[in-house]
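One structure is given here, and the rest of the page talks about it.
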Protein chains: 2
Amino acid sequence: MLDSEQCPDCKRIGAVLSRVGDRWSVLVVVSLAEHGTLRFNELKRTLGISQRMLSLTLKEMERDGLVSRTYHPTIPPKVEYTLTALGQSFRQPVTALSRWAIENLGRIDAARTAYDAGTAQ
Amino acid sequence: MLDSEQCPDCKRIGAVLSRVGDRWSVLVVVSLAEHGTLRFNELKRTLGISQRMLSLTLKEMERDGLVSRTYHPTIPPKVEYTLTALGQSFRQPVTALSRWAIENLGRIDAARTAYDAGTAQ
DNA sequence: CGGTATCCATTCTGATACTG
DNA sequence: CAGTATCAGAATGGATACCG
């Protein structure tokens, strides 16, 4: 695939979105933005995510500098996650996106129903 | 997986994001927002997307009411895509997201490098 | 509690070839 | 030009079991 004619930003935007724009990362940001700090299993319960995916998602987000991880070596152990400054700055676009999602879910469903009704006949 | 303890909006947000929040849909919105109207192969060249994925993405977006498709039965055929009103309303959160992506790509890369340097030793 | 390791099914994606 | 069909590899995501 040649790059010559592509819009220069599309690759970069796509690159970042494929990192932080996935389903789970967005939901983690929403939850941490709302609650401030959450433990591993609190996030797991809140998001309805599998242990595996939460672990992978949080590790990636920590690597990307979006969340910070604090380990308390108590018994039982306790690990708290919170947004970094970069993660905080991500809040605004994410809340804009999720608010749009909530407000327009009905319209999308309606469009789908209409489209399916029109093509199925 | 039980739903009882989950935040009620997470499922709905996740549902919409998995529809319209994917990499290609976002880039299509960005491109159409910028250019107004584009033909199939113009989008293909601009985004650097495979023919197959563009076809699937546009069909889904048309079904979701985000883009409208206009077929001109000329020879050679000509198909133009543009944003619907719903698609236009999606512009704002999407541009907020892509602007954040562009502005913070460097910070994410820096965080990654630092993280990898710290764990690899 | 907070993970990691393994396995497996599903989905996504691109390359290629073909059609109207 | 604007797709569709088919295939194969990669990525995603859940279930389960186990560890410190």
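Note that these values count all heavy atoms, side chains included, but never hydrogens, waters or copies made by symmetry. Quick caveat: nothing in here was measured; it's all calculated off a predicted structure.
- Heavy-atom contacts from other residues, nucleotides or ligands closer than 6.0 Å to CD of A:Gln92 number 12 or fewer.
- The distance between atom CG of B:Asn41 and atom P of D:dA2, rounded to the nearest whole Å, is 5 Å.
- Taking all atoms of both residues into account, the shortest heavy-atom contact from A:Glu42 to A:Thr37 is OE1-O, 4.4 Å.
- Nucleotide D:dA2 holds its P atom 14 Å from the CG atom of B:Leu47, rounded to whole Å.
- Between A:Glu80 and the options A:His72, A:Arg69, A:Arg39, a side chain to side chain donor-acceptor pair (under 3.5 Å) holds for only A:His72.
- In this structure, A:Phe40 atom CZ and D:dG20 atom C1' are separated by 15 Å, rounded to whole Å.
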| said: Between B:Glu60 and A:Arg112, is the salt bridge (charged side-chain N to carboxylate O under 4.0 Å, His left out) condition met? List the steps. | reply: CA-CA 9 Å; B:Glu60 261 308 287; A:Arg112 285 205 157 191; 2.7 Å; yes

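- Rounded to an integer number of Å, the gap from CZ of A:Arg39 to C1' of C:dG2 is 9 Å.
- If you measure from atom CD1 of A:Ile49 to atom P of D:dG14, you get 7 Å, rounded to the nearest angstrom.
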| Passes salt bridge (charged side-chain N to carboxylate O under 4.0 Å, His left out), A:Lys59 versus A:Glu62? Steps please. | CA-CA 5 Å; A:Lys59 204 187 293 180; A:Glu62 189 192 357; over 6 Å; no

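- Put simply, CG on B:Leu32 and CG on B:Leu27 are 11.0 Å apart, with the number rounded to the nearest 0.5 Å.
- For the segment residues 62-73 of chain B, the set of residues with a heavy atom within less than 4.0 Å of an atom of DNA chain D comprises B:Arg69, in numerical order.
- In this structure, the nucleotide among C:dG2, C:dG3, D:dA2 sitting nearest to the side chain of A:Ser55 is C:dG3.
- Between B:Tyr81 and D:dC1 there is no side-chain polar atom (N or O) within less than 4.0 angstrom of OP1 or OP2.
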Can you name the atoms? Protein N/O to nucleotides 17-20 of chain C N/O, anything below 3.5 Å, with the distance.
none

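- The phosphate of C:dG3 has neither OP1 nor OP2 within less than 4.0 Å of any side-chain N or O from A:Lys59.
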N/O-N/O pairs, protein side and nucleotides 5-13 of chain C side, under 3.5 Å:
unit_1 : atom_1 : unit_2  : atom_2 : d
C:dT13 : O4     : B:Arg52 : NH2    : 3.3

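- Between the C1' atom of C:dG2 and the CG atom of A:Leu54 lies a distance of 10 Å, rounded to the nearest Å.
- Remark: side-chain polar atoms of A:Trp24 are not paired, donor with acceptor, to backbone N or O of A:Leu54 under 3.5 angstrom.
- Protein atom NZ of A:Lys78 is 14 Å distant from nucleotide atom P of C:dG3, rounded to whole Å.
- Counting all heavy atoms, side chain and backbone alike, B:Leu58 lies closest to B:Val67 at O-CG2, 4.0 Å.
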